[in-house]
Protein chains: 2
Amino acid sequence: MDTTIKIVDVAHRAGVAPATVSRVLNNSSQVTPKTRAKVMKIINELGYQPNSAAKNLRSQKTMTIGVIVPDISNSYFSEIIKGIENIAYSKKYKVVICDTANNEEKELEFLNLLTTRTIDGVILVAPMISDEEILKIADHGHTIGIVGKQIDHERIPCILTDNVKFSIQVVSHLVVQGHRNIAFINGSAHAVDSYDRLEGYLKALREHHIPFHPELIENGDFNETGGYEAILRLFDKKLPFTAVFAANDEMALGVYRACSERNIQIPMQLAVFGVDNNRISRYLTPPLSTVNQPKYAMGALLVEKLIDMMHENEFSENRVFKIDSELLIRGSSVNRTQQKDQD
Amino acid sequence: MDTTIKIVDVAHRAGVAPATVSRVLNNSSQVTPKTRAKVMKIINELGYQPNSAAKNLRSQKTMTIGVIVPDISNSYFSEIIKGIENIAYSKKYKVVICDTANNEEKELEFLNLLTTRTIDGVILVAPMISDEEILKIADHGHTIGIVGKQIDHERIPCILTDNVKFSIQVVSHLVVQGHRNIAFINGSAHAVDSYDRLEGYLKALREHHIPFHPELIENGDFNETGGYEAILRLFDKKLPFTAVFAANDEMALGVYRACSERNIQIPMQLAVFGVDNNRISRYLTPPLSTVNQPKYAMGALLVEKLIDMMHENEFSENRVFKIDSELLIRGSSVNRTQQKDQD
DNA sequence: GGATACTTTGAAATCGATTTCAAGCATTGC
DNA sequence: GCAATGCTTGAAATCGATTTCAAAGTATCC
């Protein structure tokens with residue numbers, strides 16, 4: 001069947017004007033129950049469904065939200081997407097996803113969909129583009145939301161975890177376990193997350209009166225290979241550290257690989273702590289201690305806020321959400337033999 | 001800036017008709033290099049971008065492809081999505097994703113986007129809906145592609161792996177390792193994959209003249225919990241099996257959990273083999289032997305075919321792709337001590 | 001130089017819905 | 001019974017691009 005049914009066809013068959021059919025569809029204006037029934041009957045008979053392009057053009061909205069993530073196959077991001085998707089669908093919105101593969105250009109290119117009015121709004125998860133660029137987009141009147149970073153603009157809802165806070169907790173936990181020489185593998189330099197987690201690490205050391213050694217910090221770029229190479233560089237320095245705090249689980253995975261190759265026992269010889277609670281972490285041997293963020297809920301909450309913002313044009317004062325994370329203490333950071341730190 | 005620039009604005013400023021601007025944009029018809037330059041200059045000056053809804057309405061296409069997967073956070077599916085997305089974007093198509101969470105209703109609902117002309121075509125990954133329903137959609141003139149299953153319709157491109165073939169290989173490998181009592185944990189009953197993998201399992205047994213014991217088969221529904229419960233049921237039967245073939249890695253994960261709880265050593269006391277090569281598998285202890293499918297390439301190939309099909313209306317004879325998988329033999333299925341099977 | 005063919009450009013129709021504005025109709029009140 | 005009021009419905013404009021068809025302009029050939 002190539003001939004698609006249009007609103008005029010329905011109108012004809014029902015003996016009414018297209019306007020009336022439209023009113024029935026959008027059950028807005030008052031339509032007599034009698035005509036409504038008559039029209040509905042024809043709609044069902046013909047299996048009519050309104051053409052979305054026409055609808056979008058006239059109503060000036062697409063009921064579509066874009067989501068930009070660095071890597072869809074990282075469970076951290078896919079859980080956020082799930083939260084976004086479910087809420088969006090329940091509110092009749094569609095979701096278009098862009099996996100940038102950490103490519104800033106792709107991020108920018110995708111944002112063009114706002115200008116072409118292909119999407120009504122966009123959610124940036126762990127954005128790479130600059131704050132200025134984000135602000136510029138918002139100033140153009142577009143609706144944009146951010147996960148994982150705070151942007152100061154009355155029209156940009158943000159949701160983020162308190163990186164500094166949980167980083168302090170992680171380091172404190174390691175100190176309580178008896179560690180004093182704690183290495184830190186940081187993520188990509190341009191990410192705020194990296195910056196904040198480092199800040200938490202430093203603060204915690206200060207709190208516990210542990211001197212800070214810059215040589216104990218290496219960059220791992222938030223991926224497995226980066227983590228692997230970072231820990232090898234740390235090993236090669238021959239420093240006496242007994243614990244490592246990796247700024248995410250992916251990099252901790254690299255630490256596990258290096259330890260396995262060098263026959264270093266976790267946690268007996270090296271305690272490891274990650275961040276993100278990736279799907280994978282609990283299945284490692286030993287299970288990886290990590291920081292759990294309510295990813296699904298974060299996505300859900302933000303998209304809800306975003307949709308609200310698109311509907312009412314008022315800017316709610318409740319715009320920035322700082323979510324608490326919980327530490328998941330597992331085998332990788334608890335030394336069952338309570339072996340003392342060889343300071 | 002609320003005032004968006006329209007094609008007439010550009011036309012005005014450039015002193016030409018909208019039609020000419022349109023021709024420049026779609027660089028189709030012959031436009032004098034001089035006028036083209038003049039128009040392009042204005043387009044760049046104003047930062048004009050055509051409204052997509054208007055474009056879609058007039059051109060009767062949306063340059064958007066829908067993708068339906070059961071679970072976006074399963075790396076098996078997200079890798080396929082990546083392949084689809086990358087190729088699609090390179091061909092100027094957008095991708096809308098639907099995570100059904102194994103919900104058949106959501107699958108059907110999403111397919112409505114075809115009828116409303118919100119998407120030009122759709123890719124179903126491991127579909128739950130019946131073949132009849134799929135055929136019906138194709139007969140309505142919609143473009144639809146399938147990953148993981150074969151549908152016989154000249155307009156439906158399919159890509160799938162030869163389940164029977166690799167299942168035979170897996171079981172043969174286990175036999176070569178000395179196993180004769182091999183349990184099988186199957187996936188959801190309605191999936192063809194389950195059916196075919198079981199067939200491979202049975203065929204292999206026959207080939208090796210190993211008697212078939214129905215009690216050695218349990219269903220695990222393709223998820224971790226299902227695998228966990230299935231292996232416990234098998235244990236409780238007190239049968240002397242020494243190897244288990246799980247129809248996917250997720251269920252194998254459940255097997256690992258059960259073994260860890262019951263203190264059963266893998267692979268010494270129980271060899272384990274999975275399917276999918278999930279991100280997680282190689283990081284398990286011991287690393288999980290599994291079957292690797294070229295997920296990314298499969299997604300990429302299928303979407304390419306789908307787009308071709310939407311452009312030329314001819315049906316290419318090259319429609320069904322059976323992809324070969326490779327066995328990844330890792331620690332979970334190789335008994336380093338070469339301990340004999342206690343048959 | 002003028003007829004012919006070809007190229008470039010513009011005016012207007014079109015895609016398929018929504019929405020405004022006015023007309024038609026029924027109801028109410030005096 | 002007639003004017004005023006309130007609902008329901010329809011005709012036509014609209015959203016912003018593309019595309020058809022015709023007109024204008026230019027090149028070619030005899």
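Chain letters run A, B, ... following the sequence lines, proteins first, then strands; residues in each count from 1.
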*Asks:* Please say whether more than 12 non-hydrogen atoms of neighbouring residues, nucleotides or ligands are located less than 6.0 Å from NZ in B/Lys61.
*Replies:* no
*Asks:* Under the rule for salt bridge (Lys or Arg N to Asp or Glu O under 4.0 Å), what residues qualify as partners of B/Lys91, not counting sequence neighbours?
*Replies:* B/Glu304
*Asks:* With sequence neighbours excluded, what pairs up with A/Asp221 under the salt bridge (Lys or Arg N to Asp or Glu O under 4.0 Å) test?
*Replies:* none
*Asks:* When the axes are fitted on five pairs at both termini, how much does the helix from C/dG1-D/dC30 to C/dC30-D/dG1 curve, in 10° steps?
*Replies:* 50°
*Asks:* What pairs with B/Ser22 under side-chain contact (heavy atoms from CB on, under 4.5 Å), at least two apart in sequence or on another chain?
*Replies:* B/Ile7, B/Asn26
*Asks:* Partners of B/His142 by side chain to side chain donor-acceptor pair (under 3.5 Å), sequence neighbours excluded?
*Replies:* none
*Asks:* Can you list everything that forms a salt bridge (Lys or Arg N to Asp or Glu O under 4.0 Å) with B/Asp131? Sequence neighbours excluded, please.
*Replies:* B/Lys149
*Asks:* Could you encode protein contacts along nucleotides 10-19 of chain D as a string, one character per nucleotide from 5' to 3', using B for base contact, S for sugar-phosphate-only contact and - for no contact, with a heavy-atom cut-off of under 4.0 Å?
*Replies:* BB-BBBBBBB
*Asks:* Once side chain to side chain donor-acceptor pair (under 3.5 Å) is applied, do any residues pair with A/Asp193, and if so which ones, sequence neighbours excluded?
*Replies:* A/Asn163
*Asks:* Suppose the criterion is side-chain hydrogen bond (donor to acceptor under 3.5 Å, both in side chains): which pairs have a residue in residues 38-52 of chain A, not counting sequence neighbours?
*Replies:* A/Arg13-A/Glu45, A/Lys41-A/Glu45, A/Ser52-B/Thr118
*Asks:* According to a strict under-4.0 Å criterion, is A/Thr32 in side-chain N/O contact with OP1 or OP2 of D/dT9?
*Replies:* yes
*Asks:* Go through the structure and list residues passing salt bridge (Lys or Arg N to Asp or Glu O under 4.0 Å) with B/Asp120, not counting sequence neighbours.
*Replies:* none
*Asks:* Return the set of residues passing side-chain contact (heavy atoms from CB on, under 4.5 Å) with B/Pro70 (not counting sequence neighbours), or none when no residue passes.
*Replies:* B/Phe77, B/Thr100, B/Asn102, B/Ala126
*Asks:* At a cut-off of 3.5 Å, list every protein nitrogen or oxygen paired with a nitrogen or oxygen from nucleotides 25-28 of chain C, distance to 0.1 Å.
*Replies:*
none

*Asks:* What is the nucleic acid contact for A/Thr35, judged by heavy atoms within less than 4.0 Å: base, sugar-phosphate only, or nothing?
*Replies:* sugar-phosphate
